[in-house]
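These values consider heavy atoms only, across backbone and side chains, with no hydrogens, waters or symmetry-generated copies. Every number for a ligand or one of its atoms is a count from 1 in the order of the listing. Throughout, residue positions are numbered sequentially from 1 according to the sequence presented. Keep in mind that this is a model prediction, so the values were computed, not measured.
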Amino acid sequence: MTLLDADAGVDEERILAAIEAEHGPDEDLRRRVGDQFARLHSLFGRLYGTRDDAFEQLAAVVAEAAASARARPADLRERDRALEADPGWFESERMVGGVCYVDRYAGTLAGVREQIPYFRELGLTYLHLMPLFESPEGDDDGGYAVSSYRRVDPRLGTMQELAELATDLRAAGISLVVDFIFNHTSDEHEWARRAVAGEEGYEDFYLIFPDREMPDLYERTTREIFPDDHAGSFIQLPDGRWIWSTFYHFQWDLNYANPAVFRAMAGEMLFLANQGVAALRMDAVAFIWKRIGTACESLPEAHLLLQAFNAVVRIAAPAMLFKSEAIVHPDEVIEFISPDECQLSYNPLQMALTWEALATRDARLLQQALDTRHDLPPGTAWATYVRGHDDIGWTFADEDAIQFGVVGGPHRRFLNDFYVRQALGSFARGVPFQENPRTGDARVTGTTASLAGVESGDAGGEDRVVLAHAIAMSTGGIPLIYLGDEVGQVNDYSYRERPDEAGDTRWVHRPYRPVGLYEQRHDPTTVAGRLFHRISRLIAVRAATPELGGNALIPFHVQDPGVLGYQRPGPTADDPRVLVLANVGDDPVTVEALTLSGLESGAVDLVTGAAVEIGAGIVLPAHGFVWLRVRALR
Ligand code: GLC
């Protein structure tokens, strides 16, 4: 039976009856399956409607979700209920994330557990552990080549320990986030081996072609993601066939046009959900559906797939969040964000434009992004960040930039040169990543401290580090800190001596936990001490400032192009609001009385706690900012 001739109502009853025959009656589960079934049925219809096996696969997915719901540990169910009753929990001003590699930051999962007191000291409520699954020996793209989603890399610990860590973190008020790397597996994954061997049921798990005919067609319009590794989107197997491989040659893209692949990955997702993971970072979402004649990025079916995964997880782990990792044009980034698709998304535009503003000493592109591209659907939030484990790509929209006479291509080249070539008096010590001489595309790597000028000894270095965090922490959403940045860790060039890392410059900004810097964190005579004090102060102030939660933002325009401005409103227009002013330039700037004349003169500087009179204007020091609680004049 194909889905197009099946009747959704009848199917649902049949599936529910089978589940209840196995598990006994369960009202709660019946309700959740009831809530999701019609949606899932319709999504499957649109994705797979014409395939003979569509109904069979749909029924299997729902049955697996139901079994997973039944197997869900009691404490996780309790948490589900609490979070379902508080659906905006992740939009709170108290949400702050940390990001780290298990091995580099803490050695093992047991080591991560030992860091919980530090995470609390810093004020974290969210912890993203970089990929920790079994993966090939040697180069594994930092764990993004997964060989088993159900086994933890044995050097780091076990799945049991991961579940225990999730419990301990939860007790400390910290939500655990891990990656769901579902666009591809490693070439050593069992599915990959079976597919290459042509085993029945697995032949179509990946996109394998006997010759260049289809690859040539696809590659007319696809983009090269890791050109240092291979040209185009395919790599050749030893037997001469070609297999789709968007990223490294050992990462093979799954074929989601096959519903058995959806079913298999949904099973892995449900398994992870029951380990106590609160949110999944949905890796490389833009790439999951391919169609000839397109870039094979951000296609409509990619959204349908995410919505289908979302419907499945609601049955078993109703409070689970998805965070979209779409590092693409801002028009496409926003498309992945909705309550029934990804509730969270990285904000790569704001991240890249913060660095753009620091380089140009001109905040207008960043201001424009906040003015026009910051809004989100209700029930969703940005994950803001100063930098992540990946390179910085200059993802702004050319059509936005040209409004200020800035031409995209040359401006991207300027930014890259500024950050990696130490040109034009640059304070930055970045390293180039995946420069593509054919397309001119280039990206930047480096820790926050190295990019901001701490490594080069620039006088503004520390202030820029704090300023960048002050922006990420005040625009709304969940700010993510790459752990180590809060103590000013600089680039680690030793990756060049490690053969498995030497070819990927992103390792320069994925250093080991800087034990010495952490020891200095309470010593104000050190860079680490000053940065730690200032950044942890921002986290604490933010947590006590409800206006900084949520996503509502009202632009506040200051004449000087070096000054970024916005207001974070209170519940009503009569309530106080928080005015943020940030100077990206190297000189002090006066924000004139006239600019501030719509506000009452008495304000409070939230960071210092001091009362300030703003009626006569205020001076922002070089790379300085204020978070002011103000009232509008009535
Ligand atoms: C994502 C990850 C990146 C990885 C790629 C392939 O972009 O952030 O580190 O290389 O996916 O999995």
Side-chain angles (χ1 to χ4, degrees), residues 97 99-104 128-136 138-149 153 177-189 192 206 222-230 233 235 243-254 256 265 268 279-288 290 296-298 302 306 322-329 332-333 336 342 344-348 351-352 383 385-395 431 433-434 436 441 443-447 480 482 495 500-501 503-510:
V99 180
C100 66
Y101 283 89
V102 173
D103 55 340
R104 303 197 152 222
H128 174 205
L129 295 179
M130 298 302 297
L132 39 72
F133 303 101
E134 200 174 273
S135 60
D139 190 359
D140 63 355
D141 190 22
Y144 280 96
V146 177
S147 302
S148 164
Y149 298 88
D153 178 339
V177 184
V178 301
D179 281 85
F180 187 51
I181 300 153
F182 68 121
N183 173 70
H184 46 265
T185 71
S186 88
D187 57 356
E188 293 182 7
H189 193 286
Y206 300 81
T222 57
R223 177 163 80 100
E224 282 176 3
I225 306 299
F226 285 171
D228 287 0
D229 185 69
H230 63 276
S233 302
I235 59 114
I243 189 163
W244 199 302
S245 164
T246 298
F247 298 93
Y248 281 111
H249 60 276
F250 48 81
Q251 289 162 305
W252 294 351
D253 291 44
L254 287 160
Y256 278 99
M265 273 317 288
E268 307 308 82
L280 290 171
R281 174 190 180 277
M282 308 299 280
D283 185 58
V285 287
F287 297 94
I288 58 181
K290 337 282 190 199
C296 299
E297 288 183 41
S298 307
L306 283 160
F322 285 177
K323 178 174 63 168
S324 158
E325 191 244 350
I327 312 300
V328 287
H329 188 287
E332 292 171 29
V333 172
F336 289 96
C342 294
L344 297 172
S345 167
Y346 284 104
N347 192 334
M351 183 275 291
Y385 59 122
V386 175
R387 64 100 168 185
H389 72 288
D390 280 331
D391 48 291
I392 299 172
W394 307 107
T395 58
V431 179
F433 178 67
Q434 301 287 342
N436 191 336
D441 182 37
R443 284 116 83 183
V444 172
T445 61
T447 69
L480 305 180
Y482 192 95
Y495 75 99
D500 294 337
E501 295 170 15
D504 188 326
T505 61
R506 290 175 299 176
W507 290 109
V508 82
H509 64 214
R510 301 167 176 174

Every pair of nitrogen or oxygen atoms between ligand 1 and the protein that is under 3.5 angstrom apart - can you list them with their distances to 0.1 Å?
| residue | atom | partner | partner atom | Å |
| --- | --- | --- | --- | --- |
| ligand 1 | 7 (O) | E325 | OE1 | 3.3 |
| ligand 1 | 7 (O) | E325 | OE2 | 2.9 |
| ligand 1 | 8 (O) | R281 | NH2 | 2.8 |
| ligand 1 | 8 (O) | H389 | NE2 | 3.0 |
| ligand 1 | 8 (O) | D390 | OD2 | 2.4 |
| ligand 1 | 9 (O) | H389 | NE2 | 2.9 |
| ligand 1 | 9 (O) | D390 | OD1 | 2.7 |
| ligand 1 | 9 (O) | D390 | OD2 | 3.4 |
| ligand 1 | 9 (O) | R506 | NH1 | 3.2 |
| ligand 1 | 10 (O) | D141 | OD1 | 3.2 |
| ligand 1 | 10 (O) | D141 | OD2 | 2.6 |
| ligand 1 | 10 (O) | R506 | NH1 | 3.1 |
| ligand 1 | 11 (O) | D283 | OD1 | 2.9 |
| ligand 1 | 11 (O) | D283 | OD2 | 3.2 |
| ligand 1 | 12 (O) | H184 | NE2 | 2.9 |
| ligand 1 | 12 (O) | D283 | OD2 | 3.0 |

Sorted by chain and residue number, the ring pair (Phe, Tyr, Trp, His ring centres under 6.0 Å) partners of F247 (sequence neighbours excluded) come out as H184, F226, F287
Electrostatic pair R506:D141 at N-O distance under 4.0 angstrom:
yes
Distance alone, cut at 3.5 Å: any donor-acceptor contact between the side chains of S186 and Y144?
no
Looking at Y482 versus Y385, is the centre-to-centre ring distance below 6.0 Å?
no
Donor-acceptor check, side chain of T445 to backbone of V431, threshold 3.5 angstrom: yes or no?
yes
Can K323 and D283 be counted as an ion pair, charged N to O under 4.0 angstrom?
no
